[in-house]
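Structure record follows, encoded as structure tokens.
Just so we're on the same page: letters track the sequence lines, and every chain starts at 1.
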There are 2 protein chains.
Amino acid sequence: MGRLNADDWARAALDALAEGGLAAVAVEPVAVRLGVSKGSFYWHFPNRQALVEAALERWEAETEAVIAGLERLRDPVERMRVLMERAFGDGRDAAISFRLISEVDDAVTGAGSSGVGAVVRRVSERRLAYIRAALEEAGQAPEEAARRALAAYAGYLGLAALARIGVAADGAGHLADLAMAELGLPSRSV
Amino acid sequence: MGRLNADDWARAALDALAEGGLAAVAVEPVAVRLGVSKGSFYWHFPNRQALVEAALERWEAETEAVIAGLERLRDPVERMRVLMERAFGDGRDAAISFRLISEVDDAVTGAGSSGVGAVVRRVSERRLAYIRAALEEAGQAPEEAARRALAAYAGYLGLAALARIGVAADGAGHLADLAMAELGLPSRSV
DNA sequence: ATCCTTCCATACGCCAGCGTATAGTCCCTT
DNA sequence: AAGGGACTATACGCTGGCGTATGGAAGGAT
């Protein structure tokens, strides 16, 4: 592992975030993870805050990438099925999402000092809006779509949390089917 | 606020936990919250770990108290309705629950150094088992009851998370009805 | 071959929180 | 009133993480 660039640090920071939460996105620990000293870090970034922001940026970009990938599917039901299977198959994103939300700066909705709140809120809304849109495209009334999207995404977050402590068995396909049912969509091709 | 006892500290620690997560259950900050210096703390407790455990103990006891209260209701459907209204009306317990889960010691399922994992797992299972039992008593098949209980509790956690960042409007009664539907139970007296 | 840019290591000062030691203060008992 | 137990304040050393300063190495350009 030769020289590093800012992106290597951002990637490692996101990994640390998934594993240990925001507190783990710390300069010295991540430096150890990269087998390097923090002297390297302060070359690429001005401070720790910038590292956190870089990790969040990557996370947000991943959401956009997933959505962009789904857009190639014409059938909204198919899009949701692929999304659910992907969502419940991974676990990494759910871990990040959940941790981020729970660690949003103490001031509940207020403009947190670190700006984490804004990103988390933006990404959450984006995902909900995307699911809502797909459900409406599939023929559901706006109100019903909103309700189901919220229930499904909340379930996604909660399930990830429970899976993390080993309470919910994380059978991938099984959970995806359950989520599809909650969305009011058929699990297999009509 | 005269002299303090260990219970005062435990109560304050649980408050801190609800607001700022495990990291906020720190000796000096809680001392400030109590308007006292940490000299007091180390008289009542041997170390910080003991304070965390005391807070967790209180939290677990609250769960048992709620269950004990529900047991006075004969109809399982009624029990669940009261539980859901209480659950979605408060928000404090949900905040504690999902923060605790998300902050369980980095080693995912492993025996965490602080023992937080064990308590969280125990409480989560207890709640799920209680809901499952009520659903079965209400006539649902074991498998269905397990599925619905899990979905409802996961939704509870996720919704609390989303409400925290202001994404899900937290209309109390509305959410309770939604949860009852997810449990496959009627929202109002038959 | 030398220089300059890029990247990294080491050493330092700083702060917050943990835990300890020590010296109180208040109140209750006798 | 004197003594002792219950509770608290203050001061200290220690650790981990932040940020700075400074001095290299490594490799391409000339």
N-O pairing of B:R127 and B:D93 below 4.0 Å: yes
Nearest nucleotide by nearest heavy atom, which residue falls closer to the 5' end of DNA chain C, B:A26 or A:K38? A:K38
Without hydrogens or angle criteria, can the side chains of B:Y130 and B:E71 be said to hold a donor-acceptor pair below 3.5 Å? yes
Please evaluate residues B:E57 and B:E62 with respect to the criterion side chain to side chain contact (heavy atoms under 4.5 Å, CB included), reporting the C-alpha separation (whole Å), side-chain torsions for both, the decisive distance (0.1 Å), and the verdict. CA-CA 9 Å; B:E57 207 170 307; B:E62 283 180 8; over 6 Å; no
Students should find that the end-to-end axis angle of the helix from C:dA1-D:dT30 to C:dT30-D:dA1, with five pairs defining each axis and rounding to 10 degrees, is 10°
Using whole Å, what does the distance between atom C1' of nucleotide D:dA9 and atom CG of B:L34 come to? 15 Å
Just by modelled atom types, is the B:A55 backbone N or O under 3.5 Å from a matching donor or acceptor in the B:R11 side chain? no
Test side chain to side chain contact (heavy atoms under 4.5 Å, CB included) on A:L70 and A:R86; report intermediate values, then the result. CA-CA 11 Å; A:L70 290 175; A:R86 174 161 189 164; over 6 Å; no
So CE of B:M180 and CD of B:E85: to nearest 0.5 Å the spacing works out to 8.0 Å
Can A:E144 and A:R148 be counted as an ion pair, charged N to O under 4.0 angstrom? yes
Taking CD from A:E28 and P from C:dC8, how many angstroms apart are they, rounded to a whole number? 16 Å
Output the rounded distance in Å from CG (B:N47) to P (C:dG17). 17 Å
Rounded distance in Å - CG (A:L22) to P (D:dC18): 12 Å
Extract from the structure each pairing of a protein N or O with an N or O of nucleotides 4-8 of chain D at less than 3.5 Å, listing the distance.
unit_1 : atom_1 : unit_2 : atom_2 : d
D:dA6  : N3     : B:R3   : NH2    : 3.4
D:dC7  : O4'    : B:R3   : NH2    : 3.2
D:dT8  : OP1    : B:L4   : N      : 2.7
D:dT8  : OP2    : B:S40  : OG     : 2.6
D:dT8  : OP2    : B:H44  : NE2    : 3.0

Between B:R99 and A:E103 (salt bridge meaning N to carboxylate O under 4.0 Å), is one present in this structure? no
